[in-house]
Protein chains: 2
Amino acid sequence: MRPTVHDIAAAAGVSLATVDRVLNRRPGVRGVTREKVEQAIERIGYIRDVAAANLAKSRVYPFVFILPSGDNSFMRGLEAQVRAAIGRSPAERTAISIVTVPAFNPEALVAALDEARATSPSGVAVVAIDSPDVIAAVDRLRGERIPVVTLVSDLAGSKRDHFAGVDNIAAGRTAASLMGRFLGGRSGPVAVLAGSMLVRDHRERLDGFSAVMNESFPGHALLPVLEGQDDPALAEQLVGEALAASPEIAGIYSLGAGNRGLIAALKRRRNGVPVCVIAHELTQHTRAALNDGLIDAILNQDAGHEVRSAIRVLKAKADGVAVIGAQERIRIDIFLKDNLPFERDGHDNQEPEPGRQD
Amino acid sequence: MRPTVHDIAAAAGVSLATVDRVLNRRPGVRGVTREKVEQAIERIGYIRDVAAANLAKSRVYPFVFILPSGDNSFMRGLEAQVRAAIGRSPAERTAISIVTVPAFNPEALVAALDEARATSPSGVAVVAIDSPDVIAAVDRLRGERIPVVTLVSDLAGSKRDHFAGVDNIAAGRTAASLMGRFLGGRSGPVAVLAGSMLVRDHRERLDGFSAVMNESFPGHALLPVLEGQDDPALAEQLVGEALAASPEIAGIYSLGAGNRGLIAALKRRRNGVPVCVIAHELTQHTRAALNDGLIDAILNQDAGHEVRSAIRVLKAKADGVAVIGAQERIRIDIFLKDNLPFERDGHDNQEPEPGRQD
DNA sequence: CTGTTAGCGCATTCAC
DNA sequence: GTGAATGCGCTAACAG
């Protein structure tokens, strides 16, 4: 049998309560006694049974998820994944609440962070916006020892515990590599559609993309970035205008959301050279466009994985235990027509598949 | 508070023991009583606390992992991941043993499966070989209600509970798509290096690859498959001969192991057209070759994810509970030079990274 | 400062 | 057939 608290109590010649105090670093133990107990723990190779501890504490983890509101397929999918996690709450001992705030609005996000802090949760997950005020708000949470993980978009310079999202520079570089190679010998400039340079993930994707295009495929000029605010209507207008103005455009990299608009613009197009399109996030619309050959590749981040990972990490930080690093690395999924996952599993699936939402 | 067994006992007007009998479908309860209890359970919305149940039972899950032995980077990496899981055993209440058997040897695998069965484990994970004897051995396990998951290579026609591995047909198709597009306008035949047509994953990759090459890129003829037995020396010889015989080879798809040999052959090559190389599994060697530009893309399956997933599924099957479908889908990772994960995380990593082993 | 005691939610003897 | 009592490993009052 694995050693228990009783064994260490016996080995150290103290009572359970004292053992518990040193295990949980609580005050009220003399230095010598603490020493004795710690030695015993070491000696008999005690490993704490977290499940039993949580049972005794009737522990629940109140977590707050702060997401952008609005009509954004990916973000709504993310929210669906958080709801799926809420459905698992009884089994996972979590109590998750969702707060939505207007996108690209630092003030609203700061307010939400401060409100969350007032409820003293066990952890906060937030889709960050890059701004000094937001950094300060996150650091206030950390100041109260509340674990924070950033979700999808990171917040460099803050004291957040962890980032649950992809390496967006690598994503941009990958997009450029694929674009350059898919373009093969063809010539022509490449357009970039972004959401907003206010969020770090978009900026990083652009940086990675530009770097590789310039290094490895200097033959393709980059057109000025189109900022579509992740809004389909605006995206459609901007892409439409760009295609009309430069019929020789050979490629489009859509690094943000609003792909419905991009796809509409592509469908409306009647002339010009064939254009290679690479977009982010697998949604109902991008999936269909990939199948139709309108989009050539989709870079995706698995929202379900991100949410589950955020919860695991928040729990681990709240308990002060380690996580399995590799399990928490969010991959950049690359989808071609040929490796699209099925829309529904059918048999033992319990939560929304990635890409069903819009 | 969540309802507990006490609540349902009170609601049904029976004792804890009776409730427990009903919950665990044990005999010794009259039909009427059972009815009463089941209604109460339904009415108050009882959800069983699995952690508490496991605590009371002091449950451990004895699992057996059966892997091919031999000098195969990927398989040794897989084994390392199982060892990492063994390191987590105390926390996860598992007791995992590893059995290795000679590769591509159905008899040895059957013997290992039968031996495992004799120990009545809570579950078995096995890298399958496609053979009627193996199917029968797996079904014998299932006959004793021992959950079985296939790992990496599936066993169609068997009663295995689950497959923890990638969609290999899709992997082959994806390889072909990338190959065709990377080749762009260039012409020339394409060679395929496999391990053995005895294992299903290799056959499926070949099928997917051939299908898409024929459909979409008929300009590139497929050379006869080279069967390298996942052996570096043999692979090097076969590829060397093929390149010498056909200097106009434009692409090579390596769908099995033994990539060290492939890379050596590529390095030795002094003339001929540039060749596009796509290989499977990120290892020390393929990683270096990708960075050197010798390999153009690597399709990978995350061995760590596969092992963790197999364990989760075996546990769930043993307990008769559902799993999160999406979490158990193993992705086909596509790595270019630009999205290679770092070799080590450094901070909160606790287990071997994919691709460090050979 | 330290020890005793009673649970957390569930499973499992043993009586009745 | 059914119920009462005890314990899984740990935490948290409450005494001393």
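Atoms CZ (A:Arg25) and P (D:dC10) sit 15 Å apart, rounded to a whole Å. Distance, B:Glu35 CD to D:dT2 P: 13 Å, rounded to whole Å.
The backbone N or O of B:Pro68 sits nowhere less than 3.5 Å from a side-chain atom of B:Thr100 that would complete a donor-acceptor pair. Side-chain atoms of A:Thr4 come within 3.5 Å of backbone N or O of A:His6 as a donor-acceptor pair.
Between D:dG1 and B:Thr33, no contact under 4.0 Å exists linking OP1 or OP2 to a side-chain N or O. In terms of phosphate contacts, A:Thr18 brings a side-chain nitrogen or oxygen within less than 4.0 Å of OP1 or OP2 of C:dG3. Dashed line: the shortest gap from a side-chain N or O of A:Arg26 to OP1 or OP2 of D:dA12 is under 4.0 Å. Phosphate contact (OP1/OP2 of D:dG9, side-chain N/O of A:Thr4, threshold under 4.0 Å): absent.
B:Asn54 comes within contact range of no nucleotide atom at all, as no heavy-atom separation falls under 4.0 Å. B:Asp20 comes within 4.0 angstrom of a nucleotide base, judged by non-hydrogen atoms across all strands. Within 4.0 Å of B:Val19, counting heavy atoms only, lies no atom of the nucleic acid at all.
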Exercise for review: Kindly indicate, with the supporting measurements, whether the criterion side chain to side chain contact (heavy atoms under 4.5 Å, CB included) is fulfilled by A:Leu141 and A:Arg117.
Suggested key: CA-CA 6 Å; A:Leu141 278 160; A:Arg117 183 162 51 91; 3.6 Å; yes

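With the nearest nucleotide of DNA chain D identified for both A:Arg2 and B:Arg34, B:Arg34 has the one nearer the 5' end. Both B:Val29 and B:Arg93 lie close to DNA chain D; mapped to their nearest nucleotides by heavy-atom distance, the more 5′-ward contact belongs to B:Val29. When each of B:Tyr46 and A:Ala17 is assigned the nucleotide of DNA chain C with its nearest heavy atom, A:Ala17 is the one assigned upstream, toward the 5' end.
Closest to the side chain of A:Ser15, out of C:dG3, D:dT11, D:dG3, is C:dG3.
Judged by atom type and distance alone, A:Arg21 reaches the base of C:dG3 through a side-chain donor-acceptor pair under 3.5 Å.
At a threshold of 4.0 Å, the pair B:Asp161-B:Arg142 counts as salt-bridged, since one of the basic side-chain nitrogens sits closer than that to a carboxylate oxygen.
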